[in-house]
Asks: 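Structure provided below as structure tokens; questions to follow.
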Amino acid sequence: MIDLTMIKTCADYSDSIQAEGFINLEMVPFLGMENLLKSLQFSVFFLGEPQILIGRRPDCSIILHQTGLVSLSEVCSEEKLSSIIQEIELHAKKSVCTSI
Amino acid sequence: MKFFSEEIYLNYASTSFPKSKIALKSFYKSISNPPEGSRQNKSNSIINNLRKRVASILKVQDEHVFFTHSATIGLNQVIKGFVKKKNLIFIDNRSHNALIRPWRVLAEHCECNIGSIYNEEDQLIESKLKDITLLSPQLLCLTHVSNVNGSIYPLEKIIDLVKSLSPSTSILVDASQSAGALDLSILNKADFIVFPSHKHLHSLPGAAILITKKKLKPLIDGGTGENSFAEESLSSHELFAEVGTMNFPAIQAMVDSLEYATLKMETHRKLEKNLVDQFLDGVSQIEGLELIGKRSSEGRVAIVALKPLFGSSELHWAPFLQSQKIIIRGGVHCSPLHHQQLGLSRQGTLRFSFGWNTTSEQIEKAIQALKEFSRVGRMIFK
């Protein structure tokens, strides 16, 4: 569901990881990501023109564009990043199954 | 040439975009003509004519003008080519990593000091400067304009003071953020001046100017297009800082751009001051951002730094701005020591920097985007 195209150490903070990629919004639509992320304890806000979604919790910040472009930041390690992505994907699968 | 970028580019302190028509025209003209075979030994060669034009603008001697590939290379050339073992070197804490890092390398065999001669409001503390001159350092490295917040430092006065109190001290000026924005001829009492082409000159990357009144040990050895049988180092060669194939098209564009910027300086300064005042006025009403540095367009170039509040950082604001197609720079801007003095050792700033072709509408869009993030940011970071 999430294809990361770039993972790197944050330019000025070597103890933080950031990543970019795409979320398949056919599985969970852009607006549907609000509930999904909220259920994972993210605070979620829509803002801007073009509108974007910002999700934040202590171990991660997410910016999602309507095109599916996603960036994750403020993650402490690549392992943590993998676990957050797994968490989102697992939850997305669950929500799809529930809706079927 | 038209640019179809939808993005609002406000990152001129990193590099300019779009490049000026003058620079592009000059670049295309240069690459459309066959390059000169043997370049430097003819007094009327293209490169020497370019050298003369630079010398005339900066009011220095022709033989003191050198072309390098970047300001970083020019600064390294001075620091590593001038300093000898056990020399005392002092650099001010407004320096970019292009100065700090080569200086750190020298610390193995030299006495290297670093400190601030300015207070947090960017005013000169004369007593601190005088203390430094008492030590008679061999080299004093100074930054003309802060690449963090655009403050202009009174280098004309500082150079005069140092030269009168410690005549043996050589002075290196990093003019990376002032070239194209300010008259650099006022710095011509410095021993070394370095600046690049691609920032406020609105020209191309790959070229920079090094003014050196002193002979330097070459940073790189190689061919000069003459005296080919001589195998020894270039130490005694008059072109010790110019080896290998030079980036003629970028150099040509840089010199034409320098001439143009000098001609239009007053007009461009007014335009940029208006943009800065508009921006400062707009951001002063936005919650969650603190202005770093001077409160008005006086005493600065078109670079503005903002410190994010609400417990947020530039890592939150900058990606949002990017999503709104507004390109700025968030981070420490290769100036860790300046950030430390500002109490920002674990936080960077949002840096907005404008060019003479930035429009008032673009500034307004940037202000609106900041307002939008501020509106939501208060809730995100509570």
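Basis for what follows: all heavy atoms, side chains included, without hydrogens, waters or symmetry-related copies. Nothing here was measured: the structure is a model prediction, and the numbers come from that model. Each chain gets a letter, A, B and so on, in the order its sequence line appears, and its residues count up from 1.
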Asks: Could you look at E74(A) and say if it's the side chain, the backbone, both or neither that has a heavy atom under 4.5 Å from chain B?
Replies: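 Side chain only.
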
Asks: Which region of E314(B), side chain (C-beta onward) or backbone (N, CA, C, O), has a non-hydrogen atom less than 4.5 Å from a non-hydrogen atom of chain A, or is it both or neither?
Replies: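 Contact with chain A: side chain only.
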
Asks: What's the separation between atom NE2 in H316(B) and atom OG in S73(A), rounded to the nearest 0.5 Å?
Replies: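 The OG atom of S73(A) is 6.0 Å from NE2 of H316(B), to the nearest 0.5 Å.
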
Asks: Could you check whether atom NZ of K365(B) has more than 12 heavy atoms from other residues, nucleotides or ligands sitting under 6.0 Å from it?
Replies: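 Counting other residues, nucleotides and ligands, NZ of K365(B) stays at 12 neighbours or fewer.
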
Asks: Which of the residues K325(B), E372(B), R375(B) is involved in the greatest number of heavy-atom pairs with chain A at under 4.5 angstrom?
Replies: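 Looking at each option in turn, the highest pair count goes to E372(B).
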
Asks: Counting neighbours of CD on Q285(B) that are heavy atoms of other residues, nucleotides or ligands and sit closer than 6.0 Å, is the number greater than 12?
Replies: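 Counting other residues, nucleotides and ligands, CD of Q285(B) exceeds 12 neighbours.
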
Asks: So which of S16(A), G55(A), P50(A) has the largest heavy-atom pair count under 4.5 angstrom toward chain B?
Replies: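 Option with the greatest count: P50(A).
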
Asks: Is any side-chain heavy atom of C10(A) closer than 4.5 Å to one of L315(B)?
Replies: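 SC-SC contact between L315(B) and C10(A) confirmed.
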
Asks: Take Q322(B) and I63(A), measure what side chain to side chain contact (heavy atoms under 4.5 Å, CB included) needs, and give me the verdict at the end.
Replies: CA-CA 11 Å; Q322(B) 192 165 10; I63(A) 291 185; over 6 Å; no

Asks: Of all the residues in residues 33-49 of chain A, which have a heavy atom that comes within less than 4.5 Å of a heavy atom in chain B?
Replies: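 Listed by number: F45(A), F46(A), L47(A), G48(A), E49(A).
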
Asks: Passes side chain to side chain contact (heavy atoms under 4.5 Å, CB included), V376(B) versus I54(A)? Steps please.
Replies: CA-CA 10 Å; V376(B) 177; I54(A) 290 185; 6.0 Å; no

Asks: Is the number of heavy atoms from other residues, nucleotides or ligands under 6.0 Å of R57(A) CZ greater than 12?
Replies: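 Yes, enclosed.
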
